[in-house]
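We count ligands from 1, going down the list as the structure has it; atoms in each ligand are counted the same way. All heavy atoms count here, side chains included; hydrogens, waters and symmetry mates do not. All of these numbers come straight from a predicted model, not from anything done at the bench.
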Amino acid sequence: MAYPYAHEKEVRVLSKHFGEPEARTVEGWKARGGYEALKKALEMSPDEVIEIVKNSGLRGRGGAGFPTGLKWSFMPKDSGKPHYLLCNADESEPGTFKDREILRWTPHQLIEGCLIAAYAIRAQHVYIYCRGEFFEASAVLARAIEEAYEAGLCGEDILGSGTRIDVSIHLGAGAYICGEETGLMNSLEGRRGQPRVKPPFPAAVGAFGMPTTINNVETLSAVGHIVKHGADWYRQWGTEKSPGTKLFCVSGHVRKPGNYELPLGFPLRELIEDVCGGMRDGRALKAVIPGGSSVPILSAEECEACTLDYEGVIEAGSMLGCASVIVMDETTDIVHQVRRMAQFYAHESCGQCTPCREGSAWVTKILQRIEEGRGCEEDLDTLMEVTEQMTGTTICVLSDSVAAPVQSSIRKFRDEYLALIRRGERVGAA
Ligand SMILES: Cc1cc2nc3c(=O)[nH]c(=O)nc-3n(C[C@H](O)[C@H](O)[C@H](O)COP(=O)(O)O)c2cc1C
Ligand code: SF4
């Protein structure tokens, strides 16, 4: 069964077996070369595994793009304490829908990556923290974990290596903030899902007070392929600083929205015009949010030369984030969209930090007033000032995530705000 909208320019490493129900079973996964990487890893030392991942240049796919091998190397080598690996399967960033596809189509790809990562960081337990609304995906994953235990791939003495690694699922209850790594740890421990002040960092004091590494589903899913084929093989795609392939979640006003796996560094315009079949109804491109709703908006002009790697998107004026590309055409009401995003963050703020709790609520109210034609020009200065105070001043970056779309939209689409303020006119109705 072909996965919807497969495109010839895709390089399908992680998504190769999407759409194949047999790939969900342990036997089906083995028949596709699965668990060979785990066997190979167990024959190496944990540090050798870390070295391969370091050399591959793999960067975290959960949003920040932090080098994975380097993160693993922060874990103590002989702490004498239990170590934990947390797999972040909370996937709640607006515009993001890639991790759920890995979970529901290739759960063993993730389990294998988790086992290898756990071995490398000397963890005895993996918790996969899965968004509670993923009913189908979490059921598929639970079944796959059961099968992996039955096949001797998890638990005591995996593959006769003498290594013990347990894997369990923990279902979240739908709070966006529990996707933030330390909020996730609190939630896992049964506490209120609020981010922790860092330092201490998770590698020193993480889940249950023990050394912990946390990685995204897509990051961990790439690990098996890297260990099996080597760092150079992975580096054949992407750029020097952003190697490998990446799942791009494209939504909005394109003809063929969906998940596309492409080499990092792929041109944004080519993604829209070619891979996604162009703009819907032949309309003109107005703006793109390239990395999920937490990053600055790019104008159509800024999209022209933008390449989709971590550095390329920064150069264009935004961030790659988790590569969730939200495409907006000329009919889009930017103020309306930004207000909806701010409202989302105001709702999801955990309330610990004043700039975030108060700022996100007030920003939403001001945007709403402007949207309804009751704003004034000074509101734009107030929005810039308030969001400035929300940046870099809080425990986690949810607060910055409100500031990014508000500030970038005022800078790039000021005329739309002014039209609403002066004449109460809205641009488009989307
Ligand atoms: C508010 C907020 C929400 C987040 N949500 C997610 C999420 O749903 N999934 C995820 O993998 N990372 C999320 N992150 C990033 C995690 O904190 C963390 O950086 C990531 O899981 C690390 O994995 P990686 O190094 O493999 O990217 C979020 C961060 C913030 C600040
Ligand atoms: S920035 Fe917001 S979400 Fe993050 S810890 Fe502070 S109040 Fe909570």
Side-chain angles (χ1 to χ4, degrees), residues 53 58-72 74 85-100 102-103 110 113-114 117 121 127-134 172 174-188 192-198 201-203 206-207 212-223 244 246-247 249 291-295 310 319-324 341 344-361 363 389-404:
V53 175
L58 174 66
R59 294 170 66 169
R61 307 303 196 212
F66 192 82
T68 306
L70 183 63
K71 186 188 267 193
W72 292 3
F74 296 152
L85 174 72
L86 307 186
C87 169
N88 194 338
D90 199 46
E91 190 168 63
S92 316
E93 176 80 1
T96 312
F97 41 85
K98 61 186 178 67
D99 295 343
R100 66 198 72 182
I102 293 176
L103 294 168
L110 174 64
C114 285
I121 63 161
Y127 287 101
I128 303 178
Y129 187 102
C130 186
R131 180 170 163 178
E133 294 100 318
F134 289 170
Y176 171 68
I177 197 58
C178 290
E180 193 281 337
E181 55 187 23
T182 56
L184 186 152
M185 285 171 201
N186 275 348
S187 167
L188 181 70
R192 188 178 285 193
Q194 290 182 319
R196 300 175 182 173
V197 176
K198 291 186 264 188
F201 290 97
T212 301
T213 291
I214 179 160
N215 279 125
N216 170 261
V217 167
E218 188 186 352
T219 315
L220 290 165
S221 299
V223 165
K246 174 87 193 74
L247 286 166
C249 315
S293 62
S294 305
V295 306
Y310 294 98
M319 286 182 288
L320 186 66
C322 36
S324 311
M341 282 183 242
F344 167 79
Y345 289 114
H347 184 259
E348 298 298 330
S349 165
C350 83
Q352 285 188 100
C353 319
T354 309
C356 176
R357 184 186 62 242
E358 298 298 320
S360 58
V363 162
Q389 289 167 19
M390 293 171 70
T391 307
T393 54
T394 52
I395 296 173
C396 85
V397 294
L398 185 142
S399 188
D400 304 55
S401 305
V402 186

A.B. asks: For atom 25 (O) of ligand 1, find the nearest protein heavy atom and state the residue, atom name and distance (0.1 Å precision).
C.D. replies: Lys71 NZ, 2.8 Å
A.B. asks: Look only at interatomic distance and state if Tyr176 has a nitrogen or oxygen under 3.5 Å from any nitrogen or oxygen of ligand 1.
C.D. replies: no
A.B. asks: Counting each atom of ligand 1 from 1 as listed, which ones have a heavy atom of Val397 under 4.0 Å away?
C.D. replies: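 Taking each heavy atom of Val397 in turn, ligand 1 has 31 (C) under 4.0 Å.
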A.B. asks: Would you mind finding which of Asn216, Asp99, Ile177 brings a heavy atom closest to atom 23 (O) of ligand 1?
C.D. replies: Asn216
A.B. asks: Identify the closest protein heavy atom to atom 2 (Fe) of ligand 2: which residue and atom is it, and at what distance?
C.D. replies: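 Nearest protein contact, heavy atoms only, for atom 2 (Fe) of ligand 2 is Cys356 SG, 2.4 Å.
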A.B. asks: Hey, which atoms in ligand 1 end up nearer than 4.0 Å to a heavy atom of Ile214?
C.D. replies: 22 (C), 23 (O)
A.B. asks: Should you measure from each heavy atom of Arg61, which atoms of ligand 1 turn up under 4.0 Å away?
C.D. replies: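 Matching atoms, with element in brackets: 26 (O), 27 (O).
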A.B. asks: Which residue and atom name correspond to the protein heavy atom nearest atom 8 (Fe) of ligand 2, and how close is it?
C.D. replies: Cys350 SG, 2.4 Å
A.B. asks: So if I count the atoms of ligand 1 from 1 in the order they appear, which ones are less than 4.0 Å from some heavy atom of Asp90?
C.D. replies: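 Atoms satisfying the 4.0 Å criterion: 8 (O).
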A.B. asks: Output the list of atoms in ligand 1 that are nearer than 4.0 Å to some heavy atom of Gly60, sorted by atom number.
C.D. replies: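 By the 4.0 Å cutoff, the relevant atoms are 24 (P), 25 (O), 26 (O), 27 (O).
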A.B. asks: Return a yes/no value for Gly179: is any of its N or O atoms, backbone included, closer than 3.5 angstrom to an N or O of ligand 1?
C.D. replies: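 Looking only at distances, the answer is yes, because the N/O contact criterion of under 3.5 Å is met.
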A.B. asks: Side chain or backbone of Pro195 under 4.0 Å from ligand 2, or both, or neither, by non-hydrogen atoms?
C.D. replies: side chain
A.B. asks: Out of Gln352, Glu358, Gln194, who is nearest to atom 5 (S) of ligand 2 when you count heavy atoms only?
C.D. replies: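 Ranked by closest heavy atom to atom 5 (S) of ligand 2, first place is Gln352.
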A.B. asks: Note the single closest protein heavy atom to atom 8 (O) of ligand 1, along with its residue, its atom name and the distance in Å.
C.D. replies: Glu91 N, 3.1 Å
A.B. asks: For atom 6 (Fe) of ligand 2, which candidate among Cys353, Gly359, Ala175 holds the nearest heavy atom?
C.D. replies: Cys353
A.B. asks: Suppose I only count heavy atoms of Thr219 and a 4.0 Å limit; which atoms of ligand 1 are within that range?
C.D. replies: 24 (P), 26 (O)
A.B. asks: Specify side chain, backbone, both or neither for Val397, according to which of its non-hydrogen atoms lie closer than 4.0 Å to ligand 2.
C.D. replies: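 Answer for Val397: neither.
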A.B. asks: In terms of atom number and element, which parts of ligand 2 are under 4.0 angstrom from non-hydrogen atoms of Ile395?
C.D. replies: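 So the answer, numbered in order with elements, is 5 (S).
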A.B. asks: Counting each atom of ligand 1 from 1 as listed, which ones have a heavy atom of Ser92 under 4.0 Å away?
C.D. replies: 8 (O)
A.B. asks: What residue and heavy atom of the protein are closest to atom 17 (O) of ligand 1, and at what distance?
C.D. replies: Glu181 N, 3.0 Å
A.B. asks: Among all protein heavy atoms, pick the one closest to atom 29 (C) of ligand 1 and tell me residue, atom and distance.
C.D. replies: Glu180 CA, 3.8 Å
A.B. asks: At what distance is the nearest protein heavy atom to atom 21 (O) of ligand 1, and which residue and atom is it?
C.D. replies: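 Protein heavy atom at minimum distance: Asn88 ND2, 3.0 Å.
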A.B. asks: With a cut-off of 4.0 Å, which atoms of ligand 1 are near a heavy atom of Asn215?
C.D. replies: 23 (O), 24 (P), 25 (O), 26 (O)
A.B. asks: Could you check whether any side-chain N or O of Glu93 sits under 3.5 Å from a backbone N or O of Thr96, counting only pairs where one atom can act as donor and the other as acceptor?
C.D. replies: no
A.B. asks: Over 60° means perpendicular and under 30° means parallel, so tell me whether Tyr176 and Phe344 are parallel, tilted or perpendicular.
C.D. replies: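 Rings of Tyr176 and Phe344: perpendicular, as their planes differ by over 60°.
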A.B. asks: Does the N or O separation between Gly62 and ligand 1 drop below 3.5 Å for any pair?
C.D. replies: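 Yes.
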A.B. asks: When you measure from the side chain of Lys98 to the backbone of Val217, do you find a donor-acceptor pair of N or O atoms at a distance under 3.5 Å?
C.D. replies: no
